[in-house]
Amino acid sequence: MSAAIIDGKKIAADIRGELAVQVSELKKRGIVPGLGVILVGDDPASKSYVTAKEQACHDIGIFSDDNRLPSSTTQEQLMTLVRKMNADPRIHGILVQLPLPKHLNESEVLLAIDPDKDVDGFHPTNVGRMVIGEKAFLPCTPHGVVQMLARSGVVMEGAHVVIVGRSNIVGKPLANMLMAKGRNANATVTVCHTRTKDIGSFTRQADIVIAAAGRPNTVTADMIRDGAVVIDVGVNRVEDASRKQGFRLVGDVDFEACKSKASMITPVPGGVGPMTITMLLFNTVESARRFAHLPE
Ligand code: GUN
């Protein structure tokens with residue numbers, strides 16, 4: 001079998017098209033959705049993510065308030081900026097790009113963001129609401145994975161999903177979202193991680209394998225069953241002298257080998273990546289609608 005490629009760029013473009021329509025309708029009512037963006041320091045990967053997020057906002061008509069701060073920024077300066085954005089009516093969503101430089105207290109910053117503007121879904125209030133099945137901003141990467149599966153016709157209800165990785169940004173929220181009661185959920189979920197004995201013995205039982213470990217070749221062909229759906233959340237830079245930038249991006253999955261065994265698979269790049277940014281736009285538009293008391 002050669003797997004169907006799940007085209008994240010295409011699905012992302014479809015959703016962005018739907019969001020652009022919503023943004024223009026909001027603008028007719030005098031509402032411009034706004035995203036406050038904070039990047040501290042000069043980590044190259046973070047810089048390129050933030051630039052892509054702001055470009056995506058621009059493309060669909062979302063206002064973005066760009067704040068690039070030096071790595072010498074103090075905790076108090078950062079907290080002051082977050083509080084200013086909390087109070088700014090032009091801003092419906094706040095994005096603090098992670099990771100922050102080591103001297104800054106990340107959890108204190110995330111806690112300072114107004115949960116009603118927490119479009120990353122990282123505030124403990126939104127995390128808690130998601131876990132108990134209440135309305136919440138869902139974190140962008142796992143939300144994007146669920147949308148990708150749903151829009152590719154993959155049935156999650158009753159499926160055995162094995163997630164490799166237990167991060168706060170992907171593995172843990174994804175497990176909660178997929179095991180929840182409701183649409184695009186109701187799955188049986190297993191979470192594997194670095195201390196799991198024989199990860200393959202779990203992934204081989206999966207209808208859907210989701211790799212979110214942050215390490216190339218974490219999922220190899222011998223670890224999946226014939227016909228499994230394979231989602232690769234990994235974005236790893238590996239040195240490649242033949243590329244202008246000196247590196248190329250690879251996922252966590254041995255794509256070439258798994259492609260001939262899986263029924264559907266996501267590539268890297270062009271898979272989950274474009275969905276993450278798209279769901280940030282989705283949450284920002286949703287937030288603007290909520291602030292305007294419009295139906296979602
Ligand atoms: N760093 C890596 N992924 C993310 C994300 O989704 N949001 C933020 N704020 N930082 C990140």
Side-chain angles (χ1 to χ4, degrees), residues 8 12 15-16 34-57 62 64-69 71 73 78-79 81-82 85-86 91-102 104-115 117-127 130 136-148 163 165-174 176-177 210-215 231-237 249 251-252 268-269 271-287:
I15 299 175
R16 289 183 200 196
L35 179 69
V37 180
I38 304 176
L39 171 64
V40 187
D42 39 34
D43 175 67
S46 292
K47 268 188 181 169
S48 75
Y49 288 139
V50 164
T51 302
K53 287 171 185 180
E54 289 179 330
Q55 180 64 48
C57 283
I62 294 177
S64 73
D65 178 19
D66 178 49
N67 293 267
R68 305 207 177 198
L69 309 178
S71 46
T73 302
L78 186 53
M79 297 293 279
L81 181 55
V82 168
M85 286 183 175
N86 282 342
I91 290 177
H92 305 99
I94 299 173
L95 166 82
V96 179
Q97 184 66 25
L98 303 179
L100 289 170
K102 290 275 173 292
L104 296 170
N105 182 339
E106 203 162 275
S107 55
E108 191 186 24
V109 174
L110 296 182
L111 206 55
I113 296 173
D114 178 348
K117 296 191 177 186
D118 171 37
V119 285
D120 253 331
F122 293 163
H123 191 288
T125 295
N126 279 311
V127 176
M130 174 199 60
F137 285 120
L138 300 173
C140 303
T141 301
H143 195 186
V145 168
V146 172
Q147 279 300 311
M148 255 182 140
I163 300 169
R166 55 175 160 180
S167 69
N168 288 336
I169 291 184
V170 185
K172 277 187 215 162
L174 195 47
N176 279 287
M177 288 161 66
I210 303 176
R215 196 182 55 126
I231 305 289
D232 191 349
V233 185
V235 186
N236 306 294
R237 288 183 173 199
L249 294 181
D252 291 353
V268 177
V272 176
M275 294 299 293
T276 296
I277 297 183
T278 302
M279 300 325 288
L280 178 71
L281 305 175
F282 179 97
N283 282 350
T284 305
V285 172
E286 180 169 307
S287 183

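Indexing begins at 1, ligand by ligand and atom by atom, following the structure's order. Sequence positions, counted from 1, serve as the residue numbers for this chain.
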Among Leu98, Asp120, Leu100, which residue places a heavy atom closest to atom 9 (N) of ligand 1? Asp120

Heavy-atom contact check, 4.0 Å cutoff: does Tyr49 meet ligand 1? no

Just checking His143 against Phe137, ring centres under 6.0 Å apart? no

Identify which of His143, Met279, Gln97 has a heavy atom lying nearest to atom 4 (C) of ligand 1. Gln97

In this structure, which one of Asp120, Leu110, Val40 forms a side-chain contact (heavy atoms from CB on, under 4.5 Å) with Leu98? Leu110

Short list, please: which atoms of ligand 1 are under 4.0 Å from a heavy atom of Val96? 8 (C), 9 (N)

min-distance protein heavy atom vs atom 3 (N) of ligand 1 -> Ile169 CD1, 4.3 Å

So Val37 and Arg68, do their side chains get closer than 4.5 Å, heavy atoms only? no

Any side-chain heavy atom of Lys53 within less than 4.5 Å of one from Leu39? no

For a 4.5 angstrom cut-off between non-hydrogen side-chain atoms, does Val109 reach Leu111? no

Using a 4.0 Å cut-off to any heavy atom of Leu95, which atoms of ligand 1 qualify? 9 (N)

